[in-house]
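In what follows, a structure is listed as structure tokens, so that the remarks can point back to it.
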Amino acid sequence: MLEYKARLYGRTFVKVGRWFPSSKLCSVCAAVRQDMPLSVREWTCSCGAAHDRDINAALNVLAAGRAERQNACGGPVRPGASPARPVEAGSQGSVAA
């Protein structure tokens, strides 16, 4: 249904994997907390970031979708990475006059 609605309104739909640890992945430092029962609704990462489990999961799903879309469109694979610039053989900027 979401995929259909996205297409209808000209939006991009990216499906995140079923086992993506969205609520256990720190949205600040990307550390994954291994053992955390579903009853834990708020947690603090070892980097000091305090998370609400649902908000943290939403941030991680959004970041994963954006990274996948940029990757498909030729953008940087990692968020924050600068795009690659082509390297030209020979000397740069020296033009024979």
Side-chain angles (χ1 to χ4, degrees):
M1 185 76 137
L2 287 175
E3 194 170 3
Y4 158 76
K5 289 288 187 176
R7 238 181 298 123
L8 182 67
Y9 292 105
R11 306 291 289 186
T12 302
F13 176 82
V14 177
K15 187 174 182 179
V16 177
R18 178 179 182 180
W19 301 111
F20 178 67
S22 61
S23 65
K24 295 194 256 183
L25 177 69
C26 177
S27 58
V28 176
C29 72
V32 178
R33 188 163 173 187
Q34 296 300 324
D35 298 323
M36 186 171 19
L38 287 175
S39 60
V40 175
R41 303 313 304 161
E42 295 179 352
W43 59 281
T44 303
C45 181
S46 58
C47 73
H51 297 291
D52 174 276
R53 192 167 183 157
D54 296 329
I55 293 172
N56 183 57
L59 291 171
N60 287 326
V61 168
L62 178 63
R66 284 183 172 164
E68 182 60 33
R69 183 169 187 272
Q70 284 183 346
N71 188 28
C73 296
V77 175
R78 288 171 292 180
S82 61
R85 293 187 311 203
V87 178
E88 219 176 278
S91 59
Q92 299 286 322
S94 60
V95 178

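Model, not experiment: these values are computed from the prediction.
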Euclidean distance, N56 CG relative to R33 CZ, rounded to 0.5 Å: 11.0 Å

Pairs of donor and acceptor atoms involving the side chains of residues 16-26, under 3.5 Å and at least two apart or interchain, shall be tabulated with distances.
{"unit_1": "S23", "atom_1": "OG", "unit_2": "R53", "atom_2": "NE", "d": "3.0"}
{"unit_1": "S23", "atom_1": "OG", "unit_2": "R53", "atom_2": "NH2", "d": "3.3"}
{"unit_1": "K24", "atom_1": "NZ", "unit_2": "Q34", "atom_2": "O", "d": "3.3"}

Residues, nucleotides or ligands: over 12 heavy atoms within 6.0 Å of R11 CZ: no

Nearest heavy-atom neighbours spanning T12 and A6: C-CB, 4.5 Å

Cluster overlap V40 with V32, hydrophobic side-chain contacts below 4.5 Å: no

Note, D54 side chain near R41 side chain (heavy atom, < 4.5 Å): yes

Value rounded to 0.5 Å, distance of SG in C45 from NE2 in H51: 5.5 Å

Y4 with Y9, same ILVMFWY side-chain cluster at under 4.5 Å: yes

